[in-house]
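Along the sequence shown, residues are numbered consecutively beginning with 1. Bear in mind that the values here come from a model prediction, so they are computed numbers and not experimental data. When reading the values below, keep in mind they use all heavy atoms of this one structure, side chains included, and skip hydrogens, waters and symmetry mates.
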Amino acid sequence: SAYERLCRPIPTNPIELLGYKISFMGEAHLRWLFGEIFMDASYFFHTDNDRPLIFDCGSNIGMSVLFFKKLYQNARIVAFEPDPATFATLRQNVVQNRLSDVELHSVAIGSNSGQIELFRDPSPESSSLKMSTLRQRHDGPGVVVPSRRLSEFIKSDIDLLKLDVEGAEDAVMDELADSGKLRYVRRLHLEYHHHIDATADKLSSMLRLIEDNGFGYQLRSIAKPWP
């Protein structure tokens, strides 16, 4: 099985899994993404639309894109990934699997259009390979990348908005609500990074914004392992 193959050392990059050819940026990173996205099915959703429109903000190397295409092969996906190195692997995974109706953007999503500095997790053992606008989140080297408002890309109803933007979710959600574009979103999968600043408690504000825009919600928290 795919799981059994990932439990052993991985001899090739790309690796063939579940009918896909998957390029990756480290074995630990690949195993973590496969476990979260394919085994735990974190982004599973149901829709009666056989051609759902999915906005994938924080696509990383594209494992979520592959999952959505496995779930709904006719899905239309708009994917955003700001890290230039990670974006190159994302694009490679889309191209080598001949995925259609996938639109890629190498930009950060934020409250303004222009440029923004992001900071990388410096740990070689990091499973995320993600970048954040906040040094409290990642304190590695910074890189300046283009940034865009998400509302600029939304022209019609979205079946699923997946938002994993490493601490920028407050700014992104506020901008979507202020522009009126949050009302175009039918389903939302939001990864909320609580207590990046240990003195700030703003979760209730996010929940109020979600409620005020007509969403019901479920909360899931993953506890840290014992030390």
Side-chain angles (χ1 to χ4, degrees), residues 20 22-23 33 36-38 41-116 118 129-133 145-192 210 213 215:
Y20 289 129
I22 303 176
S23 297
L33 287 174
E36 179 186 49
I37 295 173
F38 278 94
S42 296
Y43 303 137
F44 177 84
F45 74 103
H46 175 74
T47 176
D48 293 327
N49 186 354
D50 63 356
R51 251 187 116 235
L53 177 59
I54 300 168
F55 272 46
D56 186 351
C57 302
S59 292
N60 208 283
I61 66 168
M63 195 72 79
S64 51
V65 173
L66 299 177
F67 175 81
F68 291 135
K69 277 294 189 178
K70 186 70 73 173
L71 190 62
Y72 298 107
Q73 68 178 29
N74 296 321
R76 298 160 293 153
I77 302 172
V78 184
F80 302 87
E81 173 53 49
D83 184 337
T86 307
F87 180 83
T89 306
L90 163 64
R91 180 166 54 190
Q92 186 174 357
N93 282 325
V94 170
V95 171
Q96 68 194 5
N97 289 290
R98 297 182 174 87
L99 301 182
S100 60
D101 293 322
V102 178
E103 180 183 316
L104 302 178
H105 297 277
S106 182
V107 299
I109 296 300
S111 57
N112 296 292
S113 293
Q115 291 185 320
I116 193 169
L118 300 181
L129 289 180
K130 293 181 179 179
M131 307 183 80
S132 175
T133 57
V145 301
S147 66
R148 297 282 299 277
R149 297 182 183 92
L150 186 56
S151 62
E152 297 175 13
F153 296 90
I154 298 176
K155 311 297 183 185
S156 62
D157 287 346
I158 297 171
D159 292 279
L160 176 70
L161 169 59
K162 174 213 150 194
L163 195 62
D164 181 7
V165 288
E166 293 292 292
E169 54 272 9
D170 288 298
V172 173
M173 290 289 287
D174 284 344
E175 191 274 325
L176 282 180
D178 290 344
S179 67
K181 293 298 181 72
L182 190 54
R183 295 285 183 174
Y184 287 70
V185 178
R186 294 172 177 167
R187 299 168 190 83
L188 172 69
H189 186 289
L190 170 67
E191 183 168 323
Y192 187 79
I210 289 172
N213 282 272
F215 291 96

When you look at CZ of F45, are more than 12 heavy atoms from neighbouring residues, nucleotides or ligands closer to it than 6.0 Å?
-> yes
Just wondering, are more than 12 heavy atoms of other shown residues or ligands nearer than 6.0 Å to CD in Q73?
-> no
Using the ring of each side chain (for Trp, its six-membered ring), is Y43 parallel, tilted or perpendicular to F68, with breaks at 30° and 60°?
-> tilted
Using modelled atom types only, decide if a donor and an acceptor are shared between the side chain of [X] and the backbone of [Y] within a distance under 3.5 Å.
X    : Y    : answer
S42  : E36  : yes
S59  : S64  : no
K181 : D178 : no
Y20  : L66  : yes

Give a yes/no verdict on a cation-pi contact between K70 and F38, requiring under 6.0 Å between NZ or CZ and the six-membered ring centre and an angle within 45° of the axis.
-> no
Shortest non-hydrogen contact from [X] toward [Y]:
X    : Y    : answer
A108 : L118 : CB-CD1, 4.2 Å
A75  : K69  : O-NZ, 2.7 Å
F215 : V185 : CZ-O, 3.4 Å
S113 : R149 : OG-N, 3.3 Å

Please report the interatomic distance [atom1]([X]) to [atom2]([Y]), rounded to the nearest 0.5 Å.
X    : Y    : atom1 : atom2 : answer
L90  : M63  : CG    : CE    : 11.5 Å
I77  : I54  : CD1   : CD1   : 5.0 Å
T89  : N60  : OG1   : CG    : 9.0 Å
K162 : D56  : NZ    : CG    : 3.5 Å
H46  : R187 : NE2   : CZ    : 7.5 Å
R186 : I158 : CZ    : CD1   : 10.0 Å

Output, in order, the C-alpha distance, side-chain angles, deciding distance and verdict of side chain to side chain contact (heavy atoms under 4.5 Å, CB included) for F55 and I109.
-> CA-CA 12 Å; F55 272 46; I109 296 300; over 6 Å; no
Would you mind reporting whether [Y] and [X] have side-chain heavy atoms less than 4.5 Å apart?
X    : Y    : value
R51  : R76  : yes
L150 : L161 : yes
N213 : M173 : no
I61  : N93  : yes
I116 : V145 : yes
D170 : Y192 : yes
D83  : E81  : yes
L163 : H189 : no

With sequence neighbours excluded, give me every side-chain hydrogen bond (donor to acceptor under 3.5 Å, both in side chains) pair touching residues 101-110.
-> E103-H105
Do L176 and I154 pass the side chain to side chain contact (heavy atoms under 4.5 Å, CB included) test, and can you show the C-alpha distance, the side-chain angles, and the key distance before you say yes or no?
-> CA-CA 10 Å; L176 282 180; I154 298 176; 3.7 Å; yes
May I have the step-by-step check of side chain to side chain contact (heavy atoms under 4.5 Å, CB included) for I210 and L190, ending in yes or no?
-> CA-CA 10 Å; I210 289 172; L190 170 67; 4.1 Å; yes
Out of D159, N74, D157, which one pairs with N49 under the side chain to side chain donor-acceptor pair (under 3.5 Å) rule?
-> D159
Between S156 and L53, does a side chain to side chain contact (heavy atoms under 4.5 Å, CB included) hold up when you go through it step by step?
-> CA-CA 9 Å; S156 62; L53 177 59; 3.8 Å; yes
